[in-house]
Structures are given as C-alpha cells and as structure tokens.
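Heads up, the thing below is written out as structure tokens.
Every number for a ligand or one of its atoms is a count from 1 in the order of the listing.
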Amino acid sequence: MHFSTFAACGLAAISSLSSTVLAASLTRVTDFGTNPGNAQMYIYVPDKLPANPAIIVSMHYCGGTATTYFNMNKLPALADTHGYIMIVPSATHDNNCWDAATNATLTHNGGSDSLSIVNMVKYTISKYNADPTRVFATGSSSGAIMTNVLCGAYPDVFAAGSGFSGMAYGCLAGSPGSSPQSADPACANGQHIYTPEKWASMVRAGYPGYNGTYPRMQLWHGTADNIIKYQSLIEQVKEWSAVLGVEFTKNVTNTPKPGYTRMIFGDGSKMEAYSAQGVGHFVPTDEPSVLSWFGITS
Ligand SMILES: *[C@@H]1O[C@H](CO)[C@@H](O)[C@H](O)[C@H]1NC(C)=O
Ligand SMILES: *[C@@H]1O[C@H](CO)[C@@H](O)[C@H](O)[C@H]1NC(C)=O
Ligand SMILES: *[C@@H]1O[C@H](CO)[C@@H](O)[C@H](O)[C@H]1NC(C)=O
C-alpha cells in the first residue's frame with residue numbers, strides 16, 4: 001500500500017472513532033436502595049435527555065461485568081441519539097451470573113438480584129423523572145435469563161423485554177445455582193419441556209394476584225447454540241405465548257438479516273421470536289430491532 005493511502009485510511013479510522021465517542025460515561029451508583037442480591041449499579045445518563053426518558057436495563061452474560069457488557073453493543077451510543085437512560089448492573093456472585101434459581105429472585109418483592117435491579121429502576125425513575133411506563137429489560141445469556149425473570153416477577157415494572165439466548169422464567173427454579181458451574185444442567189440441555197399452561201402458571205405464581213398486563217416479549221436464539229440448547233427458545237415461546245395470550249401467526253424469513261427468521265405471534269405487537277440459523281451462543285444484540293420493539297424508534 002502506498003504511504004499516502006495508508007495515512008488517509010488511518011485518518012478516516014481516527015475521525016470515525018472520535019465521532020462515536022460517548023459524551024457521558026458509565027458511572028457507579030452505590031446508594032440506590034436495598035440490595036438483597038449485592039449487585040452493583042452502574043448508570044449511563046446521556047448529556048441530553050427528554051423530560052421523561054425511557055430506561056433500558058442491560059444485563060451481562062455469566063462472567064461479564066457492567067463495563068464489559070456496556071462496551072459490547074451500540075445501545076450506549078444510541079442512548080445519546082435517542083435520549084434514554086441505561087442501567088447496567090453487575091452480578092457479584094456465582095461466577096458473575098444472575099440469580100434465576102431461587103424462590104426469592106423469582107418472586108415479586110421476594111429479594112435477591114431481581115429486587116436489587118428493580119430498586120435500581122425505582123431510584124432512576126425518581127432521580128431523573130424517568131417514565132415508569134417505559135422501562136425495558138434486555139441482556140445476553142444469563143442477562144437474557146434475567147430478562148425473563150424480571151418480566152415474570154415484576155410485570156408491573158417492565159413494559160417489554162428482549163432476551164438474546166436465554167431461558168424461560170422458572171426453568172432454573174430450585175437449581176442449586178445459575179451458572180454453568182453451579183446449575184442443574186437440565187434446563188440448558190433443553191430437558192425441561194413443559195406445556196404452555198404449566199409455564200404460564202409458574203410465571204403467574206411469581207406475582208400472585210397480579211391483574212395487569214405482562215411485558216411484551218422479544219426472544220432470540222441460535223439454532224447452533226451448544227451452551228443453552230435451541231429447545232430453550234421453544235420453551236420460552238410456549239411460556240410467553242400462554243402468558244400473553246397470543247398464538248403463532250407467521251414466519252418472515254431472512255429478517256432482520258440473512259438466515260434469521262422472525263416468528264410473529266398474534267398481530268406481532270405483544271410477542272415475536274427470532275431463530276438465527278447456524279448461530280451459536282450467544283446471538284449478537286440487534287440494536288435496531290431492540291429499540292424498535294421497545295417503541296424507542298419506529
Ligand atoms: C416462595 O416464597 C413465598 C414467600 O416469599 C412463598 O409464599 C412461596 O410458597 C414460595 N414458593 C415456593 C415454590 O417455594
Ligand atoms: C388486583 O385488582 C384489585 C381490584 O382492582 C386490586 O385491589 C388489587 O390490588 C390488584 N392486585 C394486584 C396484585 O395488583
Ligand atoms: C417458522 O420458523 C421456525 C424457525 O425457523 C421453524 O422452526 C418453524 O417450523 C417455522 N414454521 C412454519 C409454519 O413454517
């Protein structure tokens with residue numbers, strides 16, 4: 001390569017890098033309220049916010065941290081563009097996996113990580129005047145399992161979830177832990193196969209007497225996932241279609257990218273699932289689809 005061409009490429013790379021540098025930064029918050037799961041709260045608050053911003057809770061995979069996961073997708077840069085707050089928690093136990101197994105985490109106001117995260121949300125709503133009707137959960141692997149847990153146990157807090165390569169709410173219930181090292185492997189191996197009604201009754205038992213609507217669900221899974229088997233998507237689909245009262249309507253192939261199939265349930269407003277052909281663990285976050293599902297972009 002001629003030197004001047006090389007220099008020009010380098011300059012282009014530097015200027016495109018500087019244009020994506022974030023204005024604000026990921027910041028630790030220690031005084032967010034009771035913290036039964038001993039989770040760490042980090043927050044990303046863009047410099048420019050609308051009057052009542054939405055909140056996205058973004059949860060890491062096992063072994064991850066708030067910082068590693070924050071840097072792993074474009075949701076922070078898009079927070080600057082679209083004006084939402086990100087809560088990025090860190091798990092501190094069980095190989096940095098979120099607790100999706102104990103009765104406490106699965107039960108509304110029961111304790112553990114789910115209540116810690118909900119207390120982070122309540123703190124953020126109060127401090128930044130955020131919109132309590134636009135609180136969303138997303139994550140990858142353990143973070144996607146936790147998305148299911150939060151949507152099941154706190155349907156009054158979360159308006160929608162988007163989980164990448166997770167497990168159904170309750171799939172790890174009673175397991176000695178939630179990490180690959182500590183969990184009963186039956187769920188990850190796709191051996192907890194239940195009826196839609198059984199899954200739905202587990203979700204409802206997480207918040208007995210709740211009368212309101214459940215969060216809208218967007219679920220992603222790779223067909224070649226060897227860590228959490230593809231059967232896990234089928235079980236999540238059974239669970240949330242029963243909870244939300246929607247049935248499979250149609251497939252749209254090669255959406256949002258080649259090899260992905262979008263499965264639409266009902267009219268597509270309450271639930272959709274994406275099967276990623278040949279993709280392993282875990283499916284990369286598809287930011288445009290997530291933001292559109294959350295109603296942040298159209
Ligand atoms: C979970 O705990 C609640 C009280 O926090 C209790 O009412 C419920 O029976 C427990 N569920 C299971 C499955 O142990
Ligand atoms: C269910 O609805 C009743 C009547 O509107 C209300 O009193 C009760 O608090 C609701 N229960 C829950 C768990 O939201
Ligand atoms: C829809 O797509 C999924 C994922 O590829 C596939 O398993 C299912 O059989 C398809 N359903 C129909 C009716 O084509």
Value for OH (Tyr123) from CD1 (Ile55), rounded to nearest 0.5 Å, stands at 11.5 Å

Tell me, with the steps shown, if Tyr42 and Thr65 meet side chain to side chain donor-acceptor pair (under 3.5 Å). CA-CA 10 Å; Tyr42 287 81; Thr65 64; over 6 Å; no

Are there any protein N or O atoms under 3.5 Å from the N or O atoms of ligand 3? List them with distances, or say none.
unit_1	atom_1	unit_2	atom_2	d
ligand 3	2 (O)	Asn251	OD1	3.3
ligand 3	2 (O)	Asn251	ND2	2.4
ligand 3	11 (N)	Asn251	ND2	2.9
ligand 3	14 (O)	Asn251	ND2	3.2

Ring centers of Phe70, Tyr44 separated by less than 6.0 Å: yes

Answer yes if the side chains of Asp99 and Ser112 hold a donor-acceptor pair under 3.5 Å, and no otherwise. yes

Between Thr102 and Thr105, do the side chains contain an N or O donor and an N or O acceptor separated by less than 3.5 Å? no

Do any N or O atoms from the side chain of Lys238 and from the backbone of Tyr194 form a donor-acceptor pair under 3.5 angstrom? yes

